[in-house]
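Order of the sequence lines sets the chain letters (A, B, ...), proteins ahead of strands, with each chain counted from 1.
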Number of protein chains: 2
Amino acid sequence: MENAPSLRNVKSQNAVLEALHQVNHATASEILDWLKVTQKNMKVSLTSVYRALNHLVATSQVKPLNFNDGQVRYELNTHAMHHHHMICTKCNLIQVLDLCPFDDIADKVKDTFSIQYHNFELFGLCGNCK
Amino acid sequence: MENAPSLRNVKSQNAVLEALHQVNHATASEILDWLKVTQKNMKVSLTSVYRALNHLVATSQVKPLNFNDGQVRYELNTHAMHHHHMICTKCNLIQVLDLCPFDDIADKVKDTFSIQYHNFELFGLCGNCK
DNA sequence: TCGAAAATGAAAATCATTTTCATTTTTCTC
DNA sequence: GAGAAAAATGAAAATGATTTTCATTTTCGA
Ligand SMILES: [Mn+2]
Ligand SMILES: [Mn+2]
Ligand SMILES: [Zn+2]
Ligand SMILES: [Zn+2]
């Protein structure tokens with residue numbers, strides 16, 4: 001007989017998910033900082049945050065983001081509409097860009113390339129900084 | 001009277017430019033490898049390659065590329081038409097994508113964001129791998 | 001030719017992330 | 001519930017790309 005799916009290890013993963021729910025587009029160490037402040041009872045290491053993130057990415061619950069600043073950021077993949085980002089090069093504000101250029105492009109390359117995913121980011125000055 | 005602009009240090013920079021001319025989208029260590037093989041007389045260190053690259057990027061002669069594989073790649077900026085890239089997730093082939101989604105998007109965000117540059121990459125399987 | 005400024009390379013430092021390894025916690029079986 | 005096996009954890013070490021330091025060499029201009 002099948003066992004119920006294990007709930008093993010879900011605690012730290014849930015903590016990370018909860019952190020990402022509160023602090024969107026966060027890095028591993030930003031997530032750790034948030035956990036330290038809000039989950040004073042639970043003791044988590046940076047190693048475990050990375051392990052949880054890697055698992056959550058592998059299971060498509062979380063998406064890694066690269067804004068070319070030397071550290072990976074993460075966002076929830078759950079129920080979030082597909083979107084991209086605008087990053088302010090002065091204050092590092094990250095804004096959501098609901099426009100996606102993908103559909104126009106997809107058709108035009110489909111004969112030579114089988115697309116799995118795409119990256120698109122705008123870098124520039126946000127409303128406050130320009 | 002003005003002096004002619006200094007040609008100081010141009011040697012290693014020229015060597016790196018020449019390498020990029022031959023090995024497009026190369027990393028710093030790939031450039032060093034190429035220099036070791038082809039410029040047997042000239043002795044270059046990885047440090048100098050990085051220094052030359054940083055200077056060439058700062059002066060817009062070379063453009064850095066990030067394909068999320070943990071190392072920066074570089075391409076010549078000179079006279080190259082604006083383009084993007086398709087990266088094969090199986091064999092790591094990098095193909096040029098002459099389509100650019102930027103113009104369509106630029107208009108729509110120009111009120112809230114002052115765009116300086118943008119990234120766009122397609123990841124998937126190339127013709128050989130799919 | 002001489003001295004200042006710039007360039008160079010080797011080695012050390014940095015920094016995000018991963019790996020190792022010993023210890024603790026959870027799960028499964030009896 | 002006890003005890004063994006499996007998985008999770010954290011501290012510390014390892015990794016790998018890139019930068020910094022620093023002592024030495026090269027180049028430029030007077
Ligand atoms: Mn987002
Ligand atoms: Mn290119
Ligand atoms: Zn800003
Ligand atoms: Zn391929």
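Taking atom CD1 on A/I31 and atom P on C/dA16, their separation rounds to 14 Å, with Å as the unit. For the pair A/L32 CG and D/dT9 P, the interatomic distance rounds to 14 Å; values are reported in whole Å. Spacing between atom CD of A/Q13 and atom P of D/dA7 amounts to 14 Å, rounded to whole angstrom units.
Other members of a hydrophobic cluster containing A/V37 are absent, since no ILVMFWY side chain comes under 4.5 Å of it, directly or through relayed contacts.
Identified under the salt bridge (charged side-chain N to carboxylate O under 4.0 Å, His left out) test for residues 105-127 of chain A, with sequence neighbours left out: none. Applying the salt bridge (charged side-chain N to carboxylate O under 4.0 Å, His left out) definition to pairs two or more places apart or across chains, those involving residues 23-45 of chain B are B/E30-B/R73.
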(message) Return a single string for nucleotides 14-25 of chain D, one symbol per nucleotide in 5' to 3' order, where B is base contact, S is sugar-phosphate-only contact and - is none, cutoff 4.0 angstrom on heavy atoms.
(response) ---SSBBB----
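A pairwise comparison of heavy atoms in B/L35 and B/A15 identifies CD2-O, 3.6 Å as the closest pair.
The side chain of B/S45 places no N or O atom within less than 4.0 Å of a non-bridging phosphate oxygen (OP1 or OP2) of C/dT8.
Formation of a donor-acceptor pair under 3.5 Å by the A/N77 side chain with backbone atoms of A/S60 is found in this model.
Residues B/Q116 and A/T89 have side chains that bring a donor and an acceptor to within less than 3.5 angstrom of each other.
Distances were taken from every side-chain heavy atom of B/K11 (C-beta onward) to each of D/dT27, C/dG9, C/dT26; the shortest belongs to D/dT27.
Aromatic pair B/Y74/B/H25: ring centres not closer than 6.0 Å.
Heavy-atom distances under 4.0 Å link DNA chain C to no residue of residues 61-69 of chain A.
For A/H82, the ring-ring contact (aromatic ring centres under 6.0 Å, His included) test picks out A/H84, A/H118, with sequence neighbours left out.
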